[in-house]
Structures are given as structure tokens and as C-alpha cells.
4 protein chains.
Amino acid sequence: MKTIYTYEAKRQELIRRLRKIEGQVKGIARMIEEGQYCLDILIQVAATRAALHKVGMMVLEGHVHGCVTRAVSEGAGDEVIDELMKVIEKYTKG
Amino acid sequence: MKTIYTYEAKRQELIRRLRKIEGQVKGIARMIEEGQYCLDILIQVAATRAALHKVGMMVLEGHVHGCVTRAVSEGAGDEVIDELMKVIEKYTKG
Amino acid sequence: MKTIYTYEAKRQELIRRLRKIEGQVKGIARMIEEGQYCLDILIQVAATRAALHKVGMMVLEGHVHGCVTRAVSEGAGDEVIDELMKVIEKYTKG
Amino acid sequence: MKTIYTYEAKRQELIRRLRKIEGQVKGIARMIEEGQYCLDILIQVAATRAALHKVGMMVLEGHVHGCVTRAVSEGAGDEVIDELMKVIEKYTKG
């Protein structure tokens, strides 16, 4: 399973989004250093979490289209789906 | 209101946490570049979102202890609380 | 603290919303009994959770405007705010 | 697709959980009528949302094991997966 990277089609877009998120995290640190208003900072934290959520959903979509589809076709779907559900439950808790 | 920074007591800890989060975001980009397994990436995304959530909660706590307490003492609590609730609703949606 | 009910102004609206949510929960049970399509059920679960979230936010707003404002005015704000933050952290995990 | 109910194996458990959730919603209404403490109510709202989330995850699991597996086997996986991802994105917003 380890060598299947089904988010490959979106790899460039994912990297680009993560670079932007890195910038957002740096921006939050700068706001705190400059002593900006708490609620403005909180709004930036929420925006950054939403951007990370979008990345997570893109990776998940790639996984289901790629790994899950392949595993089901090869008759090993149940195991992969159990693993998927555990990650989704964990993910939706965060 | 703009010059009150009530998360100051935790400023160093917040900056430290944000530096770590920046590293986590870089790590996710690296995992994608290396073509690592989708669900391992998703677990890292969830961990990074949880770390950002902790930062958000620390900033919120500073805000309520600082700005809200001050505003209530000065008789201007309702306005500040309405603003706070809007941000919490927005935040809990993300 | 136990006898302060600061969501009183919204009591009728809250009860009305909760009656509607009760109906939504019954509706989900019926959908399952009738064997309706999984994703349609999931959409109803999401809508019901969102409706409950709205109730939670209304109760929280009443609490901050009422109990927290009162406690701050009486000089006992910090304790009430610590308690509030613990509940918000718990709440935003769910 | 409409006649496939893949959560059937768990139907009794789902109904039982939903009956309990119905009771929790009634309990929240009663707490509000009795004027109980706001944060105690909020904790009950959080518990009820978490219980609904568990129901949602069980339905989702049934869907992925059942409908998605079947659709992939029949070569119609992509469409079903696109639909699934839309619901998961919607669901994780609530």
C-alpha cells in the first residue's frame, strides 16, 4: 500500500496550499508578537484551520478514489475501509 | 480596544507552539512530495489542526479573562460579548 | 450560581427548537426503519447536529451575558471564566 | 441505489441509540424549563451532539462497506465516491 500516492494528480495544488498555510501560521505568530487584537487573531486561526481542513479533504478524496477503489477491486476492500473509518472518526474529532 | 493584548502572559508559549505548527505544515508538504501513504498524511493534518485549535483556545481564554473582564467592569460588556459570540460561532463552524 | 438562568429571555425559543430537534431525531429513526439511502440519512444527522449546535450557542450566549457579566461585576470573574473555557474546549471537541 | 440499505446489520443498534438521543433532547428541554445552570445544559448539548456523531459514523461506515464497495465492483465507483466526499465535507462542517 505504501507506494500508492493517489493524491498525485493534486500534488502541485496541495503543495501550493500548504505553502500558503505556512505563511498564515507565520502571520499569526507575527500578530501575537505585535500584540494585535485577540479576536482578529482568532479569526485568522479559524481561517487557517479551515484551509488545513480543505487539504485534508483533498487527501481523503484522493485516498478513496485511489487506494480504496483499488483495494475493493482486488477484494481487499473491507480491511482498507475499516482503516479509513478509524481515520475519519479521529479526523472529525479534531 | 485595539491595544489590549491579554494573551501577553502566554505570548512566548504561543509563539513556540506556532513555530512547531509551522514545522508540522512543512512536514505535511514533505510527506506529499515523497508520496507517503494518504492516511498517514491525514493523521498529520488532524494533529496540526488540533494544535492550531489549542492556540485558538489559549487566545480566546486570554481574551475572555482580559478584554471581556475589562469591558464588563467598564459597563461596556454587552457589545464585547456580542462580538465574542460571533467569533465563537464562526470558529466552531471551521 | 445554580439559580441564575440567563437563557430565560430565550426560553420559549429554546424549547421550541428542542421540540423540533426531537422530531428530527424521530425522523432519522424512521428513515433507518424504512431502509432509506445512507447518505440521505447522513445529511439529516448533520442537519440535526447543526440545530443542536445553534441551541448550544444560544445557551452559551445567555451564560456569558448573564452569569459571566454578573460574576465579573462581583469580582469573581476569573473562576467563572476558567469554568467557561473548560466547557468551551469540551464543546468544540464534540 | 435507493433500495440498498447497508446499515441494516446495525439497524437495531441505531434505532436504540436514536431512542436514547431522543431522551437526551427531552432532558435538555426539561433542564431549560427547570432553569438549570447554563454550563450543565451546555455539557448535555455536547454529549447529545457526540451521540449523534456516533450514529452518523455508523451510517457512514455501513455506506462505505456496502454501497461504495458494490458500486466500485460494478465499475461505478467514481460517481458514488464523488457523492460521498460531498456529504463528508458537508458533515465535517456541522
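Within every chain, numbering begins at 1; the chains are lettered A, B, ... in the order of the sequence lines, protein sequences first and strands thereafter.
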Taking side chain as everything from C-beta outward and backbone as N, CA, C, O, which of these in [X] sits under 4.5 Å from a heavy atom of chain A? Side chain, backbone, both or neither.
X: B:E33; value: both
X: B:I28; value: both
X: B:R19; value: side chain

Here's a test for you: under side-chain contact (heavy atoms from CB on, under 4.5 Å), which of A:K26, A:R17, A:E22, A:Q24 qualifies with B:V25?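 Of all the options given, the one that passes is A:E22.
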
*Starting at SG of A:C38, measure out to CD of B:E83 and round the result to the nearest 0.5 Å.*
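These two atoms lie 9.0 Å from each other.
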
Exercise for the section: Could you tell me whether the side chain of B:V45 reaches within less than 4.5 Å of the side chain of A:Y91, counting heavy atoms only? Expected result: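 Counting from C-beta outward, A:Y91 and B:V45 do come under 4.5 Å.
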
query: Of the listed residues (B:L84, B:L18, B:I15, B:L39), which shares the most heavy-atom pairs with chain A below a 4.5 Å separation?
result: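 Top count of heavy-atom pairs under 4.5 Å with chain A: B:L39.
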
Derivation and outcome, side chain to side chain contact (heavy atoms under 4.5 Å, CB included), residues B:L42 and A:H63:
CA-CA 10 Å; B:L42 208 58; A:H63 177 66; over 6 Å; no

Heavy-atom proximity to chain B below 4.5 Å, by part of A:L52
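For A:L52, heavy atoms of backbone and side chain both lie under 4.5 Å from chain B.
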
Report task. Tell me, for A:M58 versus chain B, whether the close heavy atoms (under 4.5 Å) come from the side chain, the backbone, both or neither. Result ->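 For A:M58, there is no contact with chain B at all, as no heavy atom is under 4.5 Å.
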
